[in-house]
Q: 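Encoded as structure tokens, here's the structure I'll be asking about.
Here is the naming used below: chain letters follow the sequence lines, and residue numbers restart at 1 for every chain.
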Amino acid sequence: MSLANQAHLHLLLNHFPTIGTIIALGLYLVAILANHEYLKRACLGIFLIIALLSLPVYMSGKAAQEAIEGQPGITGGLIERHQDAALLAFVFMEITGAFAWLGLWQFRRVLRLARWNVLTVFVLSIVTFGLMARAANMGGEIRHPEIQATAATEGATVPDTEWLQTASIASFVNTRAWAWPATETLHFMGLCLLLGVVLIVNLRMLGVMKNVSFSAVHRLLPWGILGFGINLTTGWLFFITVPEQYTQNIALHWKMALVMVAGVNALYLTVFDEPWALGPGDDAPLTAKVIAASAIFLWLGVIYFGRMMPFIGGSF
Amino acid sequence: MSIGQIFVQPPIFGFPQTLHSGILAPLLPIFLMMDFLRQLEESGFATWVRESNSLLAYPSVLFLHTVGMGFVAGISALIDLRILGCASDVPLGDMRKFLPYMWAGFWLNAATGIVLFILDATTKAISPVFYTKMAFIAMAVVVAFLIRNHVFRDPLVDKRPIERYGKILAFASIVCWMGAITAGRLLAYVGPGVVSAGGR
């Protein structure tokens, strides 16, 4: 995808993490006050999907920066400030998503949401919304001088006082010989953990180890999420460290698209009644088998496009 | 090419024939081995895999090697975690059904690994990192057999808690595969044949 298209994508998608989060947060508050379990779970699902959508929002933001940097009226400092604020908001968004997933997973097991989880997600989503709104506001200032709070004129430097500085993370990885290989090694280990869970859980649906109930293999899912978390973190370190080889990498765009579809697919295994009802010896219905087979192929596709990034996309 | 043919061919490295009887004679097997590896490296197949721009060449071999890694190390890790006590609702007697998938990954990687080896056989053959990786894999395979004999073949496996020995084996298996993955990655960064920034 070209830089200009990604800039458009950024403008389109960047409203989900802010507007989406505040709407979900409002619904969540109503659900908590009314003690409506079903609505609470729906909100957790929405938080999870927004967390997934935040991946392309962050990535396309970097491409948008490359597309408009150096144009008249664009202040580099404002972009960098927006980027650091967005990174912090992104980190909180993903943590919120992880806790939302954990709540849904636990609900499936005990048929009620844990109070601690409901409150944790509530607090995290408020913090996330605040950070997202702040990042969004800074992003708006890049193109709209009329709303600029600081009298930043062209070329003026904006003091960077963020906790999480993209540039310092990148220079940390770049200046240490061990950092990049260590990150890659962790990325491979996370891959093994994730693929191991994907294979075992989905092959059960396809009939291997049919004597085992789905509720037993459901216990393995958090290990897959741990693998995904390791790979999201290490993958993000790669992206932050050398974004220029990824922003226009078509293999990475395909990989991220597949990650999002596979993520929604994983929601099926976590919450739906159909797989959960499979007892020892039960054969899964056809739809469940189709979803299970597609999950395996989606993750193999993720690995394929990840591996092809140096060959199709031209990264190292 | 037969082993006999290797012996009659002139050494590619150009060592004098006196090598057969001189002071360096004890090293002859090493020179012959390096010659053999050089011939593998220069074979048409290795050259095609290494230098072709086709996605079916080197990229596909790497992809299959990665998938095989996910199968063998991933399923092995899940079995090990189960032995260590995670997801104890899943009977180990049933988890055994995944062993063929684990071994399928192993053989896929043995095959693709041989291809990756012959692409730069003479370099890999003198790389300590490569032998470290092979040692970890050999240990992982030995541990996998021990787990099969002491855990999966135990008729009472799901009727009593796993013995301490079984848990030590499971832990060792995780360590071996992590070691193999780490050494494999370091092949691109440490040792002979690495060009400046390695895999980057």
Side-chain angles (χ1 to χ4, degrees), chain A residues 109 174 177-178 180-201 203-204 207-224 226-227 238 241-242 245 251 280 299-312 315-316, chain B residues 53-82 86-102 104-105 158 174 177-190 194 197-200:
Chain A
R109 306 205 67 82
N174 267 327
W178 54 266
W180 190 274
T183 312
E184 280 185 335
T185 305
L186 282 172
H187 203 70
F188 276 105
M189 289 176 183
L191 177 160
C192 289
L193 199 51
L194 177 58
L195 190 68
V197 174
V198 165
L199 287 173
I200 288 181
V201 176
L203 284 174
R204 158 62 187 93
V208 182
M209 197 171 81
K210 214 160 74 174
N211 287 333
V212 181
S213 69
F214 183 79
S215 62
V217 293
H218 187 263
R219 275 202 184 265
L220 294 172
L221 289 178
W223 291 99
L226 176 66
F238 298 139
T241 305
V242 269
Q245 63 164 336
W299 286 113
L300 289 180
V302 169
I303 295 175
Y304 177 77
F305 284 113
R307 197 73 263 204
M308 289 306 124
M309 272 154 51
F311 307 109
I312 300 177
S315 69
F316 36 67
Chain B
N53 285 325
S54 166
L55 283 180
L56 291 174
Y58 184 65
S60 287
V61 180
L62 264 188
F63 164 64
L64 291 176
H65 204 63
T66 312
V67 170
M69 174 193 76
F71 270 68
V72 64
I75 292 176
S76 168
L78 269 287
I79 289 174
D80 297 333
L81 286 169
R82 170 61 192 85
C86 305
S88 52
D89 300 353
V90 182
L92 268 168
D94 289 295
M95 247 186 147
R96 197 188 166 139
K97 305 237 168 72
F98 285 104
L99 289 178
Y101 293 86
M102 186 184 95
D158 288 312
I174 294 177
W177 283 120
M178 286 172 88
I181 291 172
T182 308
R185 199 76 295 268
L186 286 182
L187 270 175
Y189 295 91
V190 186
V194 170
R200 280 182 70 176

Q: Is it the backbone or the side chain of B:Ile75 that comes under 4.5 Å from a heavy atom of chain A, or both, or neither?
A: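 Contact with chain A is through both the backbone and side chain of B:Ile75.
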Q: Under the criterion side-chain contact (heavy atoms from CB on, under 4.5 Å), I'd like the reasoning laid out for A:Leu191 against B:Ile181: C-alpha separation, chi angles, the key distance, then a yes or no.
A: CA-CA 11 Å; A:Leu191 177 160; B:Ile181 291 172; over 6 Å; no
Q: Answer with side chain, backbone, both or neither: which region of B:Phe71 has an atom nearer than 4.5 Å to a non-hydrogen atom of chain A?
A: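 When you check distances to chain A, atoms from both the backbone and side chain of B:Phe71 fall under 4.5 Å.
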Q: Side chain, backbone, both or neither: which part of A:Val197 has a heavy atom under 4.5 Å from chain B?
A: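 Contact with chain B involves both backbone and side-chain atoms of A:Val197.
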Q: If you look at every heavy atom in B:Ala87 and A:Leu220, which pair is closest and at what distance?
A: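 That would be CB-CD2, 3.5 Å.
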Q: What I'd like to find out is whether the side chain of A:Leu199 reaches to under 4.5 Å of the side chain of B:Leu78, using heavy atoms alone.
A: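 Of all side-chain heavy-atom pairs linking B:Leu78 with A:Leu199, none is under 4.5 Å.
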Q: Please report the shortest heavy-atom distance between A:Phe311 and B:Leu55, naming the atom on each side.
A: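 Heavy atoms only, the tightest pair is CB-CD2, 4.0 Å.
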Q: Going through the distances and angles, do A:Val208 and B:Tyr101 end up as a side-chain contact (heavy atoms from CB on, under 4.5 Å)?
A: CA-CA 10 Å; A:Val208 182; B:Tyr101 293 86; 3.2 Å; yes
Q: Could you check B:Thr66 against A:Tyr304 for side-chain contact (heavy atoms from CB on, under 4.5 Å), going step by step and ending with a plain yes or no?
A: CA-CA 9 Å; B:Thr66 312; A:Tyr304 177 77; over 6 Å; no
Q: Grab the two heavy atoms, one from B:Ser60 and one from A:Met308, that are nearest each other, plus how far apart they are.
A: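 Smallest heavy-atom distance, with atoms named: N-CE, 4.3 Å.
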Q: Only counting residues at least two apart or in another chain, list the ones meeting side chain to side chain donor-acceptor pair (under 3.5 Å) with B:Arg82.
A: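 In terms of side chain to side chain donor-acceptor pair (under 3.5 Å), with neighbours along the sequence ignored, B:Arg82 is linked to no residue.
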Q: Could you look at B:Leu64 and say if it's the side chain, the backbone, both or neither that has a heavy atom under 4.5 Å from chain A?
A: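 Neither part, no heavy atoms under 4.5 Å.
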Q: Grab the two heavy atoms, one from A:Val212 and one from B:Pro91, that are nearest each other, plus how far apart they are.
A: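 Shortest heavy-atom separation between A:Val212 and B:Pro91 comes out as CG2-CD, 3.7 Å.
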Q: Contact between A:Trp223 and B:Cys86 at the side-chain level, heavy atoms closer than 4.5 Å - yes or no?
A: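 Heavy-atom side-chain distance check passes, below 4.5 Å.
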Q: Out of B:Ala73, B:Pro59, B:Gly184, B:Gly105, return the one with the most heavy atom pairs under 4.5 angstrom to chain A.
A: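 Of the candidates given, the most pairs with chain A belong to B:Pro59.
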Q: Can you see which heavy atom on A:Met209 is nearest to which on B:Phe98, and at what distance?
A: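 In this case the closest contact between A:Met209 and B:Phe98 is SD-CE1, 3.3 Å.
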Q: Answer whether the closest heavy-atom distance between the side chains of A:Leu203 and B:Lys97 falls below 4.5 Å.
A: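 No, every pair of side-chain atoms sits at 4.5 Å or beyond.
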Q: Not counting sequence neighbours, list each pair that qualifies as a salt bridge (charged side-chain N to carboxylate O under 4.0 Å, His left out) and has a residue in residues 210-220 of chain A.
A: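 Only A:Lys210-A:Asp283, A:Arg219-B:Asp89 qualify under salt bridge (charged side-chain N to carboxylate O under 4.0 Å, His left out).
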Q: Need one label for B:Leu62: side chain, backbone, both or neither, based on atoms under 4.5 Å from any heavy atom in chain A.
A: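 Both backbone and side chain.
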Q: For residues B:Val67 and A:Leu195, report the shortest heavy-atom separation together with the two atoms involved.
A: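 Looks like O-CD2, 4.2 Å.
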Q: For B:Met102, is it the side chain, the backbone, both, or neither that has a heavy atom closer than 4.5 Å to a heavy atom of chain A?
A: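 No part of B:Met102 comes within 4.5 Å of chain A.
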Q: Do other residues, nucleotides or ligands put more than 12 heavy atoms under 6.0 Å from the OH atom of B:Tyr58?
A: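 At most 12 heavy atoms, drawn from other residues, nucleotides or ligands, come within 6.0 Å of this atom.
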Q: Determine whether A:Glu184 and B:Tyr189 make a side-chain contact, defined as any pair of heavy atoms from C-beta on separated by less than 4.5 Å.
A: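 Of all side-chain heavy-atom pairs linking B:Tyr189 with A:Glu184, at least one is under 4.5 Å.
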